[in-house]
Colleague: 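Have a look at this one.
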Amino acid sequence: MTPLPALIDIRDDLARAIEETDGDDDLRSELRTVSDRLDAFEERDRADRGGIVDEVDNQLLRVEERLDDEAAARAVQSARNRLHIYRESRQQTDANLAVVDSTVRDSGGPDADEVVPVGEVTVAVTVANTGADTEIVPIVTFYDDRAAEVESVRGPEFALAGGEQAQFEFDTDAPADATTHAISISDTGEVRT
């Protein structure tokens, strides 16, 4: 089972929206349903996960259109922005490659949950390759609290055997205003022997 990536673990945004919709039981129920739907992500294969993200985004759009409370609407929009960032990251990754997990931690420190540490960080990414032997390049994109792209950093090339899964790490600098990240993987198509 693949854990829910921190980027799309939008339960914090959903909890804020639920808190702000204290007078509307129907909206609160729909938001709880969305939160429960995220559990299905871990149980699905790669192709189905995109469908779950689409379903959650569509349901949040319907909720957002019915919201009168500005704070609740901002929380739902924040959740939708994170889903869009995840979807864009998946679209930029080769079809035979999948990002299984990724973390950004202070160099020499523990993993960060959702908040990106500032300054020198270590990016760790686990990648699965269902294709042939290849070389990959991880690209980490940092986003601010409004889900606007702050900076994108290309990591070094790593060799990855076909049918294998491996973790790779590289160091970079995280911008001060980064609050979350997404990883995409490019296939260089050139294996050097």
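Starting from 1, each residue takes its place in the sequence as its number.
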Colleague: Please name the pair of heavy atoms, one in Ala79 and one in Leu60, separated by the smallest distance, quoted to 0.1 Å.
Modeller: CB-CD1, 4.0 Å
Colleague: Quick check: closest heavy atoms across Pro138 and Val125, and the distance to 0.1 Å?
Modeller: CB-CG1, 4.1 Å
Colleague: Between Asp39 and Arg11 (salt bridge meaning N to carboxylate O under 4.0 Å), is one present in this structure?
Modeller: yes
Colleague: Just to verify, what does Glu65 make a side chain to side chain donor-acceptor pair (under 3.5 Å) with, not counting sequence neighbours?
Modeller: none
Colleague: Determine whether Val137 and Ile185 satisfy the following criterion, side-chain contact (heavy atoms from CB on, under 4.5 Å), listing intermediate values before the conclusion.
Modeller: CA-CA 6 Å; Val137 175; Ile185 301 295; over 6 Å; no
Colleague: Check Arg105 with Glu169, please: is the shortest side-chain N to carboxylate O separation under 4.0 Å?
Modeller: yes
Colleague: What residue among Leu61, Ile10, Asn58 forms side-chain contact (heavy atoms from CB on, under 4.5 Å) with Arg80?
Modeller: Leu61
Colleague: Return the minimal non-hydrogen interatomic distance between Phe142 and His181, and the atom names on each side.
Modeller: CD2-CB, 4.1 Å
Colleague: Take Ile136 and Glu157, measure what side-chain contact (heavy atoms from CB on, under 4.5 Å) needs, and give me the verdict at the end.
Modeller: CA-CA 5 Å; Ile136 61 166; Glu157 291 183 5; over 6 Å; no
Colleague: For the pair Asn96 (side chain) and Asn129 (backbone), establish whether a donor and an acceptor sit closer than 3.5 Å, ignoring hydrogens and angles.
Modeller: no
Colleague: Taking atom OG1 of Thr180 and atom CD1 of Ile8, what is their separation to the nearest 0.5 Å?
Modeller: 11.0 Å
Colleague: For Asp144, what residues pass the side-chain contact (heavy atoms from CB on, under 4.5 Å) criterion, not counting sequence neighbours?
Modeller: Arg146, Ala148, Val150
Colleague: Would you name the heavy atoms of Ile139 and Ser152 that are closest together and state the gap between them?
Modeller: CG2-OG, 3.4 Å
Colleague: Check this for me: does any side-chain nitrogen of one of Arg16 and Asp13 sit under 4.0 Å from a carboxylate oxygen of the other?
Modeller: yes
Colleague: Which value, rounded to the nearest 0.5 Å, describes the distance between Leu97 atom CG and Ser186 atom OG?
Modeller: 9.0 Å
Colleague: Indicate the atoms forming the closest heavy-atom contact of Glu135 with Ala159, along with that distance.
Modeller: CG-CA, 4.1 Å
Colleague: Thinking salt bridges, do Glu30 and Arg62 make one under a 4.0 Å N-O criterion?
Modeller: no
Colleague: Could you check Val63 against Leu27 for side-chain contact (heavy atoms from CB on, under 4.5 Å), going step by step and ending with a plain yes or no?
Modeller: CA-CA 7 Å; Val63 168; Leu27 284 174; 3.9 Å; yes
Colleague: Identify, with sequence neighbours excluded, every residue that meets ring pair (Phe, Tyr, Trp, His ring centres under 6.0 Å) alongside Phe158.
Modeller: Phe168
Colleague: Could you walk me through whether Val76 and Leu31 satisfy the side-chain contact (heavy atoms from CB on, under 4.5 Å) test, starting with their C-alpha distance in whole Å, then the side-chain angles of each, then the deciding distance to 0.1 Å, before giving a yes or no?
Modeller: CA-CA 9 Å; Val76 169; Leu31 289 166; 4.1 Å; yes
Colleague: Show the nearest heavy-atom pair for residues Asp9 and Arg82, with the distance to one decimal.
Modeller: O-NH2, 2.9 Å
